[in-house]
Student: 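This structure is in structure tokens; I'll ask about it shortly.
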Amino acid sequence: MLRILSQWIERHFLTLAVGFSLLALIHPPLFAWIRPHISLGLGIIMFGMGLTLEFGDFARVGRQWRLAGLGVALQYLIMPLAAFCVCLALRLPPEA
């Protein structure tokens, strides 16, 4: 039963993600309860992703360390800069 459910979610993930995003945009209070649990949810997701790694994944990163380093540098430079620009463009208030 759980396997069938997980396969269904995997097949329809994009539809579910867009649907829940629209629902949250239309009526945010429906999702306010999850705010205190975001850290726990992210931790569970990251743990699950870590369980899928194999030794070969680390060996591949070791062989291509320049590309991995470039990816890390770009992630920590370009993504925050892009987020800052989006915040300025949308005139979002600073987090209190």
Student: Can you list every pair that meets side-chain hydrogen bond (donor to acceptor under 3.5 Å, both in side chains) and has a residue in residues 15-44, with sequence neighbours left out?
Tutor: none
Student: Identify, with sequence neighbours excluded, every residue that meets side-chain contact (heavy atoms from CB on, under 4.5 Å) alongside Arg63.
Tutor: Ala59, Arg60
Student: Establish whether Phe55 and Leu51 are linked, either directly or via other cluster members, by ILVMFWY side-chain heavy-atom contacts under 4.5 Å.
Tutor: no
Student: Report yes or no: do Met79 and Leu67 belong to one cluster of Ile/Leu/Val/Met/Phe/Trp/Tyr joined by side chain heavy-atom distances under 4.5 Å?
Tutor: no
Student: Test of understanding: with side-chain contact (heavy atoms from CB on, under 4.5 Å), list the residues that count as partners of Leu92, not counting sequence neighbours.
Tutor: Cys87, Leu90
Student: Rounded to the nearest 0.5 Å, what's the gap from CG on Leu2 to CD on Gln7? Could you check?
Tutor: 10.0 Å
Student: Is Phe20 reachable from Ile9 through a run of hydrophobic residues whose side-chain heavy atoms are each under 4.5 Å from the next?
Tutor: yes
Student: Looking only at heavy atoms, which two atoms of Asp57 and Thr52 are closest? And how far apart?
Tutor: OD2-O, 4.2 Å
Student: Supply the members, apart from Met1, of the Ile/Leu/Val/Met/Phe/Trp/Tyr cluster built from side-chain contacts under 4.5 Å; use none for a lone residue.
Tutor: none
Student: Residues sharing Leu74's hydrophobic cluster, by side-chain heavy-atom contacts under 4.5 Å among ILVMFWY, directly or via others?
Tutor: Leu70, Ile78
Student: From Ile34 CD1 over to Ile38 CD1, what is the distance, rounded to the nearest 0.5 angstrom?
Tutor: 6.5 Å
Student: Please determine whether side chain to side chain contact (heavy atoms under 4.5 Å, CB included) holds for the pair Trp8 and Leu16, giving the CA-CA distance in whole Å, both sets of side-chain angles, and the decisive distance to 0.1 Å.
Tutor: CA-CA 11 Å; Trp8 185 88; Leu16 290 169; 3.9 Å; yes
Student: Taking only residues at least two apart or on different chains, which pairs with a member in residues 3-32 satisfy salt bridge (charged side-chain N to carboxylate O under 4.0 Å, His left out)?
Tutor: none
